[in-house]
Protein chains: 2
Amino acid sequence: MLALAVLAEEPRRFNQIKRQLEGVTQRVLTRTLRRLERNGMVTRTVLPTSPVGVQYELTPLGRSLQQPFAGLYAWTVSHADEIVDRQREFDARGQAIEG
Amino acid sequence: MLALAVLAEEPRRFNQIKRQLEGVTQRVLTRTLRRLERNGMVTRTVLPTSPVGVQYELTPLGRSLQQPFAGLYAWTVSHADEIVDRQREFDARGQAIEG
């Protein structure tokens, strides 16, 4: 999903996407982009450069996912603190029982 | 996410949820409900029945996720056919190259 967000701004090359998705591994990003391409969300274009470059671009289908995804992303951001609090309480209860 | 949708109607016991989520394994559902409980999305109540029953219920936090999730779910349903078409094309291209 985050790869789609990166491509929402403009078409990008593999390493440009990788740099923007801090911490993503080469292998995970390769697999993610391949799955997005297979699902018709992005197109993959081999550029006639030397060395050869590969550019990824959102398709209309991929772009149409932006709005529902933005809703989920906004929810996650606005509830992140509350979730972390619930996790701390849950873990503390777990330790109290094991204690 | 689908476990949340099942609980949106009313609180339910483990096996009731399992029956509604066709094909989900005991292990996956147990882990999913535990993660939802840890994130504060559901509460888990041990019922004083014999044998002991466990009931899961949406919290206000869990219920607040329904609307953004419904948007994503609706997008998925309305684009499912198009995605399957793109997948077939992608796979056919893959075989043509390997062929």
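Hydrogens, waters and symmetry mates are skipped; everything else that's a heavy atom, side chains included, is used. Residue numbering restarts at 1 for every chain, and letters A, B, ... go by the order of the sequence lines.
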Is the number of heavy atoms from other residues, nucleotides or ligands within 6.0 Å of CD (B:Glu9) greater than 12? yes
When the 4.5 angstrom heavy-atom criterion is applied to A:Gln67 and chain B, the contacting part is neither
Using every non-hydrogen atom in the two residues, find where B:Ser64 and A:His79 come nearest and quote the distance to one decimal. OG-NE2, 3.6 Å
Report the distance from atom CG of B:Asn39 to atom CD of A:Gln87, rounding to the nearest 0.5 Å. 4.5 Å
Should A:Phe90 and B:Arg34 be marked as a side chain to side chain contact (heavy atoms under 4.5 Å, CB included) after you check the CA-CA gap, both sets of side-chain angles, and the distance that decides it? CA-CA 10 Å; A:Phe90 182 89; B:Arg34 192 174 184 287; 3.7 Å; yes
For the residue pair B:Leu72 and A:Phe69, what are the closest heavy atoms and their distance? CD1-N, 4.4 Å
Can you check side chain to side chain contact (heavy atoms under 4.5 Å, CB included) on B:Met41 and A:Ile83, steps first, answer last? CA-CA 8 Å; B:Met41 304 291 182; A:Ile83 292 171; 4.0 Å; yes
Euclidean distance, B:Arg38 CZ relative to A:Arg93 CZ, rounded to 0.5 Å: 11.0 Å
According to a hydrophobic-cluster definition based on side-chain heavy atoms being under 4.5 Å apart (Ile, Leu, Val, Met, Phe, Trp, Tyr only), do B:Val77 and A:Leu65 belong together? yes
More than 12 foreign heavy atoms under 6.0 Å from CZ of A:Arg88: is that the case here? no
Under 6.0 Å from the CZ atom of A:Phe14, do we count more than 12 heavy atoms belonging to anything else shown? yes
Verify the cluster assignment for A:Val54 and A:Leu4: are they in a single hydrophobic cluster under the rule of side-chain heavy atoms below 4.5 Å apart? yes
Of the backbone (N, CA, C, O) and the side chain (C-beta and beyond), which part of B:Glu89 lies under 4.5 Å from a heavy atom of chain A, both, or neither? neither
Should B:Val28 and B:Leu33 be counted in the same cluster of Ile, Leu, Val, Met, Phe, Trp and Tyr side chains packed under 4.5 Å apart? yes
Could you look at A:Thr76 and say if it's the side chain, the backbone, both or neither that has a heavy atom under 4.5 Å from chain B? neither
